[in-house]
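Each remark here refers to the structure printed beneath this line.
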2 protein chains.
Amino acid sequence: MAREINGRPVIETSHGPVLTPCAPGSVLARLGDKWTILVISLLSLSPDAPMRFGALRRGIPDISQRMLTLTLRNLERDGLVVRHYYTELPPRVEYELTERGKSMLKPLAGFTDWIRDTWQDIEASRAEFDEKEQGRN
Amino acid sequence: MAREINGRPVIETSHGPVLTPCAPGSVLARLGDKWTILVISLLSLSPDAPMRFGALRRGIPDISQRMLTLTLRNLERDGLVVRHYYTELPPRVEYELTERGKSMLKPLAGFTDWIRDTWQDIEASRAEFDEKEQGRN
DNA sequence: CGGGATCCCGCTGGATACTG
DNA sequence: CAGTATCCAGCGGGATCCCG
């Protein structure tokens, strides 16, 4: 009986379940990186109007130009974002979510909603944990 | 008008929306790290029976002992996992999801389902992107 | 058996300067 | 304006050894 958990195949052995490493991990790793979710969030604010590079840069206070460029490249590579280049002077470049990019907004929101409702509790647990640990040192 | 996207406050300025960096990012960063989701997935397979350290280790083929320990510590710190220590010889240590840990399974599944349904398309986009880029070099 | 302690390599990502 | 190039510090994470 092949089962599956979080999109990942599970093999049952005599020692218990074994997870098979598989490709979706690379998607999650990308989304979990430092800036990707922020860029997607910002782009999702204007679903039908592309955003300029500079507007994205200003919208994410601490992002460097380099990291914004790299993050957008990766999203474009994954087919989640399209890049529109206009050869003007000065040049104008706009970005918007693709259909695929928009299709992830709802599932993503379900998860971030959980985080929004829970992170205070998590922070409290962390503080408590750290305090107890300090007592042992 | 204060808005919010993915649990993150948005300020509207004359230049467009600006995202405020905030604490939930640290939760997402943790979940996006290399092993956390795998550990949670494995623990979720036995919702009412704790799992031993060794069983977790065997269930995630390529994880090192060190990283499993660190990942479990962080989950315990976040109050998502409880650790049960039995002073026997040899010692036995078991882990299980807390109620809070279980509460994230459904939202998480919504998101990983999207990944499961989409990652082949994403991989295809990546291959296509890389191929075009190679033409330019 | 579970898990510290230590060493070390590679990648992520920040700062800065230069270009079409 | 929207990049690219280069340099470099920090940290994630693997390998190994030791300990209750």
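Note on naming: letters A, B, ... go to the chains in the order of the sequence lines (proteins, then strands), and numbering restarts at 1 for each one.
A heavy-atom distance below 4.5 Å is found between the side chains of B:Thr69 and B:Arg73. Side-chain atoms of B:Leu42 and B:Met51, non-hydrogen and from C-beta on, do get closer than 4.5 Å to each other. The shortest side-chain heavy-atom distance between A:Phe53 and A:Leu68 falls under the 4.5 Å cut-off.
Heavy-atom distances to DNA chain D give each of A:Tyr85 and B:Trp35 a nearest nucleotide, and the one nearer the 5′ end belongs to A:Tyr85.
In this entry the distance linking CZ of B:Arg58 with C1' of C:dC1 reads 11 Å, nearest Å. C:dG13 atom C1' lies 15 Å from atom CD1 of A:Ile60, rounded to whole Å.
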Side-chain donor-acceptor pairs under 3.5 Å in residues 28-40 of chain B, sequence neighbours left out?
unit_1: B:Arg30; atom_1: NH1; unit_2: B:Asp33; atom_2: OD2; d: 3.2
unit_1: B:Asp33; atom_1: OD1; unit_2: B:Trp35; atom_2: N; d: 3.4
unit_1: B:Asp33; atom_1: OD1; unit_2: B:Thr36; atom_2: N; d: 3.1
unit_1: B:Asp33; atom_1: OD1; unit_2: B:Thr36; atom_2: OG1; d: 2.6
unit_1: B:Asp33; atom_1: OD2; unit_2: B:Thr36; atom_2: OG1; d: 3.0
unit_1: B:Thr36; atom_1: OG1; unit_2: B:Arg30; atom_2: O; d: 3.2

Please table the atom pairs, donor to acceptor, closer than 3.5 Å between any side-chain atom in residues 101-113 of chain B and protein atoms at least two apart or in another chain.
unit_1: B:Lys102; atom_1: NZ; unit_2: B:Pro47; atom_2: O; d: 3.3
unit_1: B:Ser103; atom_1: OG; unit_2: A:Trp114; atom_2: NE1; d: 3.0
unit_1: B:Ser103; atom_1: OG; unit_2: B:Arg100; atom_2: O; d: 2.6
unit_1: B:Thr112; atom_1: OG1; unit_2: A:Asn6; atom_2: OD1; d: 3.3
unit_1: B:Thr112; atom_1: OG1; unit_2: B:Leu108; atom_2: O; d: 3.2
unit_1: B:Thr112; atom_1: OG1; unit_2: B:Ala109; atom_2: O; d: 3.2
unit_1: B:Asp113; atom_1: OD1; unit_2: B:Arg116; atom_2: NH2; d: 3.0

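The shortest non-hydrogen separation linking B:Pro17 to B:Val10 is CB-CG1, 3.7 Å. Here the closest heavy-atom approach between residue B:Ser41 and residue A:Ile5 is recorded as O-CG1, 3.8 Å. The nearest pair of heavy atoms linking A:Arg77 to B:Phe129 is CG-CD2, 3.4 Å.
A:Arg57 pairs by the salt bridge (Lys or Arg N to Asp or Glu O under 4.0 Å) definition with nothing, not counting sequence neighbours. Residues passing the side chain to side chain contact (heavy atoms under 4.5 Å, CB included) test with A:Thr13 are A:Ile11, A:His15, A:Val18, sequence neighbours excluded. Scanning for side chain to side chain contact (heavy atoms under 4.5 Å, CB included) contacts around B:Leu70 gives B:Arg66, B:Met67, with sequence neighbours left out.
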Notebook entry, point to check: Quick one: what's the B/S/- string for nucleotides 15-20 of chain C, heavy-atom cutoff under 4.0 Å, read 5' to 3'?
Noted result: B----B
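Residue pairs meeting the salt bridge (charged side-chain N to carboxylate O under 4.0 Å, His left out) criterion with at least one partner in residues 82-98 of chain B, sequence neighbours excluded, are B:Glu88-B:Arg92, B:Arg92-B:Glu94.
Nucleotides of DNA chain D that come within less than 4.0 Å of any heavy atom of chain B span, from the 5' end to the 3' end, D:dG13 to D:dG20.
The pair A:Arg8-A:Glu4 does not meet the salt-bridge criterion, since no charged nitrogen lies less than 4.0 angstrom from a carboxylate oxygen.
A:Val82 and A:Tyr85 fall into different hydrophobic clusters, where Ile, Leu, Val, Met, Phe, Trp and Tyr are joined by side-chain heavy atoms under 4.5 Å apart, directly or via other members.
Backbone-only contact: B:Tyr95 has heavy atoms under 4.0 Å from sugar-phosphate atoms and none from a base.
If you check residues 67-77 of chain B against DNA chain C, the residues with a heavy atom closer than 4.0 Å are B:Thr69, B:Arg73, listed by number. In the region residues 42-55 of chain A, proximity to DNA chain D at under 4.0 angstrom, judged on heavy atoms, holds for A:Arg52, A:Phe53, A:Gly54.
With hydrogens and angles ignored, the 3.5 Å screen pairs a side-chain donor or acceptor of B:Thr98 with a backbone N or O of B:Gly79.
Comparing the axis of the opening five pairs of the helix from C:dC1-D:dG20 to C:dG20-D:dC1 with that of the closing five pairs yields an angle of 50°, rounded to 10°.
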